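Numbered from 1 within each chain, the chains take letters A, B, ... in sequence-line order. Note that the coordinates shown come from a computational prediction; the quantities given were computed from them, not determined experimentally.
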Number of protein chains: 2
Amino acid sequence: MSERLLAGVVTPIARQSYLGELTYERLKEIIVSGAFPPNEKLTVRSVAAALGVSTTPARDAINRLLSEGALINEGPKTVVLPSLTFEALDEITATRLALEGLAAERSVLAVAPADIAVLEQMQVAINAGLDAADYREVLKVNREFHFLIYRMSGWPRLVAMIESLWLRVGPSFNELYPDFATNRRGVANHLLAMQGLRAKDGAKVRSAMEQDIRDGYVRLKNMIRARR
Amino acid sequence: MSERLLAGVVTPIARQSYLGELTYERLKEIIVSGAFPPNEKLTVRSVAAALGVSTTPARDAINRLLSEGALINEGPKTVVLPSLTFEALDEITATRLALEGLAAERSVLAVAPADIAVLEQMQVAINAGLDAADYREVLKVNREFHFLIYRMSGWPRLVAMIESLWLRVGPSFNELYPDFATNRRGVANHLLAMQGLRAKDGAKVRSAMEQDIRDGYVRLKNMIRARR
DNA sequence: AATCCCATAATGATGCATCAAATATCAAAA
DNA sequence: TTTTGATATTTGATGCATCATTATGGGATT
C-alpha cells in the first residue's frame, strides 16, 4: 500500500555515488574548468594517484570521457585533452546550433512562470558577476541558464547530447577571459530568450540561443587564431 | 631516410582490437540485430560467460553501451535494453532529423563521382534484397547507404552522434519485418538523395533523407501502437 | 489473494597482480 | 650532431578475489 501512497510523491533517492562516478565528475570538472592543459598526457595511474583512488575507477572515468569525446586517443597508450581546432569548432558549433536550437524551440511547450523567475535571478547573478569580473561565476551561471531552458524541452536524451557538446568547447571557453568577463553581448541574447519564453514564442527563443552560440563562436574563433 | 622511403607507400597497421572492443562490438551487434529482447536483464557475468571473456571487458562493454544510451539502468543493479516508447521515438526522431539533415546537407561539399557509383551499387543490392525479402541484407545495406552519405559531411563527431541515435532505434527496427522487406517507399527517397548529390543540391539531399526518416518514423509508431 | 519479511544467492564496484605492448632513455655508430 | 638500436621503464588491458549492496524466492501474515 505504501507503494501506491508514495507513487508520484517521492522520487527514488539518487543512487549513491560510486567512486567511479565521483572520479568521473571530478575529472570532468578539472577538464571543463580549464585546469588541465591541452595536449598533455593523461594516464590511468596518474589520475588514480592524483585523486586518491585505485586504477579501476580512474580507468572508468577516463574511458567514459573518451567515449564522450572530451578526451581523445592520440595514440595506442596516449590519452590527451584535445585542443580545439578550427575544424572541430566549426563542426561542434553547427551541431550545437542544430541541437540547442531544437531544444530552445521546444522549451516554450513546458515553461512555467516559476522557471522564468529563476532565469531572471540567474541573469541578475550574471550581471553581478560581469560587474565584479568574476568570470568563473559568470560561466557557471551562464551554463545553468542555458541548460534550464534546454531541460524545458522535456527531452533528456537531447539534453545529454548537448551536454557532451559543451564538454568539448568548455576547456577552450575558459581561455576567453577576460574577454568573456567584460563582454556583455550575451546579455541581450538572454533577454531576448526570456521574452520569447514569456510569449511562448519558440522561434524567438531559438533565434536568441542561436545568436548566443554564434557570438561565442566568433570569440572562440578569434582566440584560436590568436593562439597560433 | 627509411621514413621518406616508406612515406605514402604503406599505411600504419590498424591497432589490434582489444577484448573490450571486441566485446563491445559483439554486444552491440547482438542488440542492434534485435536478438536480445527488450526489458530483459543484462549482467556483467552473464555477458562475460556468453562471450567467453572475463568480467572486465564485459563490464567495459556494458558501461560503454550504457553511456551511449543503448542500454539503460533500470535500477541500481539492473541493466536492461530499453523498449522504445512513443516519447523516446518522438525525441530521437526529432534529433535524427536535426543531425542527419545537417550531415546530408553538407554531403554535397565533398561528394565524388565514385561515391555516387557506390551508392548506386548499394541501391541495386537493396532492390535485390527487397525482391528476395532478405530483410537482414536490406537493413544492412540501407544503413551503409545512409552512413556513406553522412560521412561525406567530413564531420566525424557528427557521424558518431548519429550512430548513437541509430543504436537506439535499431533494435525496434528489426521488429518491423516483414513490413520493411516488402515496403519500397524508402527506394524513392534514396533515388532523390542520389539526384541531389549529382546536382550538388544540399537542400534536396537533406529533404530526401528527412523524408526517409519520417517514413521510418510512421512505421515504427504503428509498430509500437500494435505492440501495446 | 495480496502483502510483507527475511534468508540466501547474485551482483556491481573496487583493488590489485600480471603481462604484453608502447614509450623513454641512453650509449654506440654514422 | 644526428640516427640507430638495445634496454629499462611505464602503461593499458585483462583476470580475478573480495565486499557491501541488491535482487530473489518462499513462507508467514493479514
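- In this structure, the CD atom of B:E21 is 10 Å from the P atom of D:dT14, given to the nearest Å.
- Contact annotation for A:G20: backbone-only contact, meaning every heavy-atom pair under 4.0 Å involves sugar-phosphate atoms and none involves a base.
- Judged by distance alone, the side chains of A:R219 and A:N222 never bring a donor and an acceptor atom under 3.5 Å apart.
- Distance from the side chain of A:Y18 is smallest to C:dT14 among C:dT14, C:dT11, D:dA23.
- Taking every side-chain heavy atom of A:T56 into account, C:dC16 is the closest of D:dT11, C:dC16, D:dG15.
- Classified by interplanar angle (parallel below 30°, tilted 30° to 60°, perpendicular above 60°), the ring pair A:F145/A:H190 is parallel.
- One can find a donor-acceptor pair under 3.5 Å joining the base of D:dT21 and the side-chain atoms of B:K77.
- Under the salt bridge (charged side-chain N to carboxylate O under 4.0 Å, His left out) criterion, B:R26 pairs with no residue at all, not counting sequence neighbours.
- Along DNA chain D, the nucleotide nearest B:P57 and the nucleotide nearest B:K41 are compared for position; the residue whose nucleotide lies closer to the 5' end is B:P57.
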* I would like to know whether A:R64 and A:E21 meet salt bridge (charged side-chain N to carboxylate O under 4.0 Å, His left out); could you show each step before the answer? => CA-CA 10 Å; A:R64 195 160 154 194; A:E21 178 77 13; 3.0 Å; yes
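- A straight line from CG of B:L42 to C1' of D:dA23 spans 16 Å, rounded to a whole angstrom.
- Across C:dT23, D:dC16, D:dG15, the shortest atom-to-atom separation from the side chain of B:T55 is found for D:dC16.
- Of the listed nucleotides (D:dT22, D:dT11, C:dT14), C:dT14 has the atom at the smallest distance from the side chain of A:L19.
- The side chain of B:V53 approaches D:dG15 more closely than any other nucleotide in the set D:dG15, C:dA22, D:dA23.
- Comparing A:D60 and A:R45, the nucleotide of DNA chain C nearest to each residue sits closer to the 5' end for A:D60.
- Atoms CD (A:E74) and P (C:dA22) sit 16 Å apart, rounded to a whole Å.
- Side chain of B:R59, nearest nucleotide from C:dT14, C:dA22, D:dG12: C:dT14.
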